[in-house]
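Each remark here refers to the structure printed beneath this line.
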Amino acid sequence: MRKPIMAGNWKMNKTITEALDLVRQLSMELKDIKDVDILVCPAFTALHSVSQAVEGSNIKMGAQNLFWEEKGAFTGEVSALMLKDTHCEYVILGHSERRSIFKETNDQVNKKIKAALKADLLPILCVGERLQEREDDKTYDVIADQVKGSLADISADELKNIIIAYEPVWAIGTGKVASPEQAQEVHAFIRKLISDNFGVETAQGLRIQYGGSVKPDNIKDLINQPDIDGALVGGASLKAEDFIQLVQACSIED
Ligand code: 13P
């Protein structure tokens with residue numbers, strides 16, 4: 001059984017005060033949940049404060065990006081070691097917003113994944129097709145290309161520390177969620193791809209999150225799919241009430 005992981009990607013939102021307010025509500029309301037991994041991913045500026053606020057709780061923290069070099073003259077960048085220093089455990093890499101706005105390539109995402117693993121951070125690798133690619137029947141080609149390219153030279157052993165998030169670009173922030181069947185189809189495809197390249201056992205253990213307009217009213221149908229192991233949530237993770245409901249929906253103990 002794969003433990004579901006519910007992650008909030010706060011993107012470029014929340015001051016330190018706002019972040020602390022949100023995370024305090026979450027840790028109070030979700031303190032009894034044990035069968036779901038709960039993760040918040042604040043902006044860099046709030047990491048240190050949030051990590052202190054969640055210390056000793058069941059809420060884990062991740063960052064939204066890193067740069068692959070360890071240190072040096074890279075103005076504006078943040079290294080894996082710096083993230084570790086703030087007590088991050090996870091890092092989101094290759095998000096579609098980074099791929100489209102900041103032109104990140106699979107090759108760069110691959111370097112970032114390696115840097116994260118080296119520093120003992122658990123990468124969440126994001127993949128997903130754009131609307132035009134789906135309409136052109138290229139979804140599987142795009143996903144295969146992103147998965148293989150981003151995971152180049154990664155071993156099966158290393159893959160045990162990686163999570164994949166399938167986030168169709170057309171569903172992000174649009175209110176247009178993929179149907180549970182559409183998402184399941186791509187998740188199953190990703191698992192098969194991992195199975196073919198890294199072995200069945202690794203593929204069975206891999207957690208694959210869905211992301212894109214996940215809300216309290218659609219989470220149940222998504223999480224009930226056999227290959228959907230949680231969600232990476234944007235908008236709905238910014239409201240305590242919504243994120244609490246999302247986590248609770250993934251808990252069978254609840
Ligand atoms: P929304 O939940 O706002 O659609 O964002 C999804 C996302 O990009 C999570 O990484």
Side-chain angles (χ1 to χ4, degrees), residues 4-14 18-19 22 26 36-44 46-47 50 59-66 83 88-102 104 109 112-113 116 121-131 133-134 139 142-143 146-147 150 162-180 182-183 186-187 190 207-223 225 228-250:
I5 174 162
M6 185 57 68
N9 174 8
W10 295 357
K11 307 191 181 185
M12 199 174 72
N13 292 292
K14 306 236 174 250
E18 291 166 345
L22 173 55
L26 298 181
V36 181
D37 279 336
I38 308 166
L39 177 66
V40 293
C41 301
F44 289 139
L47 287 175
V50 168
I59 299 186
K60 298 173 192 308
M61 191 182 74
Q64 302 170 19
N65 185 28
L66 59 70
L83 297 182
C88 271
E89 288 180 63
Y90 293 80
V91 59
I92 298 170
L93 294 173
H95 191 278
S96 70
E97 284 147 20
R98 297 220 52 89
R99 292 177 188 266
S100 65
I101 304 169
F102 302 101
E104 269 186 24
V109 176
K112 293 183 176 197
I113 289 180
L121 283 167
L122 307 172
I124 298 179
L125 163 64
C126 302
V127 297
E129 81 286 1
R130 294 156 192 264
L131 182 60
E133 291 164 340
R134 176 161 281 264
T139 299
V142 171
I143 301 294
Q146 290 176 341
V147 169
S150 307
I162 297 177
I163 290 167
I164 295 184
Y166 168 56
E167 301 205 301
V169 179
W170 47 271
I172 296 179
T174 57
K176 204 170 150 187
V177 63
S179 71
Q182 273 176 327
V186 180
H187 281 232
I190 294 173
R207 291 190 289 180
I208 309 175
Q209 298 176 294
Y210 169 79
S213 296
V214 172
K215 302 278 181 285
D217 65 357
N218 56 33
I219 184 66
K220 270 281 180 207
D221 289 341
L222 289 162
I223 198 74
Q225 299 297 317
I228 299 185
D229 309 309
L232 182 54
V233 186
S237 73
L238 299 173
K239 292 183 220 122
E241 208 179 287
D242 285 358
F243 195 66
I244 289 163
Q245 281 187 49
L246 289 173
V247 175
Q248 286 169 340
C250 295

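In listed order, ligands and their atoms are each counted from 1.
Rounded to the nearest 0.5 angstrom, Gln146 CD and Ile190 CD1 are separated by 9.0 Å. Atom SG in Cys41 sits 11.5 Å away from atom CG in Asn65 (nearest 0.5 Å). With values rounded to the nearest 0.5 angstrom, Trp170 atom CH2 is found 6.5 Å from Lys176 atom NZ.
Atom CD of Glu241 is surrounded by 12 or fewer heavy atoms from other residues, nucleotides or ligands within 6.0 Å.
Formation of a donor-acceptor pair under 3.5 Å by the Lys220 side chain with backbone atoms of Ala249 is found in this model.
Contact annotation: the side chain of Tyr210 never approaches that of Pro180 to less than 4.5 Å [non-hydrogen atoms, C-beta and beyond].
Ligand 1 places these atoms under 4.0 Å from at least one heavy atom of Glu167: 6 (C), 7 (C), 8 (O), 9 (C), 10 (O). Interface atoms of ligand 1 facing Asn9, defined by a heavy-atom separation under 4.0 Å, are 9 (C), 10 (O). For ligand 1, the atoms sitting less than 4.0 Å from at least one non-hydrogen atom of Gly173 are 1 (P), 3 (O), 4 (O), numbered in the order shown with element in parentheses. The distance from ligand 1 to the heavy atoms of Gly212 drops below 4.0 Å at these ligand atoms: 4 (O), 6 (C). Every atom of ligand 1 is numbered from 1 in the order shown, and the set under 4.0 Å from a heavy atom of Ala171 is 4 (O). Those atoms of ligand 1 that come under 4.0 Å of a heavy atom in Gly235, given as number and element, are 1 (P), 2 (O), 3 (O).
Residue Lys11 places a heavy atom under 4.0 Å from ligand 1. Between Ala236 and ligand 1 there is no heavy-atom distance shorter than 4.0 Å.
Minimum heavy-atom separation, Cys126 to Arg99: O-NH2, 3.1 Å.
At the shortest separation from atom 2 (O) of ligand 1 among protein heavy atoms lies Gly234 N, 2.9 Å.
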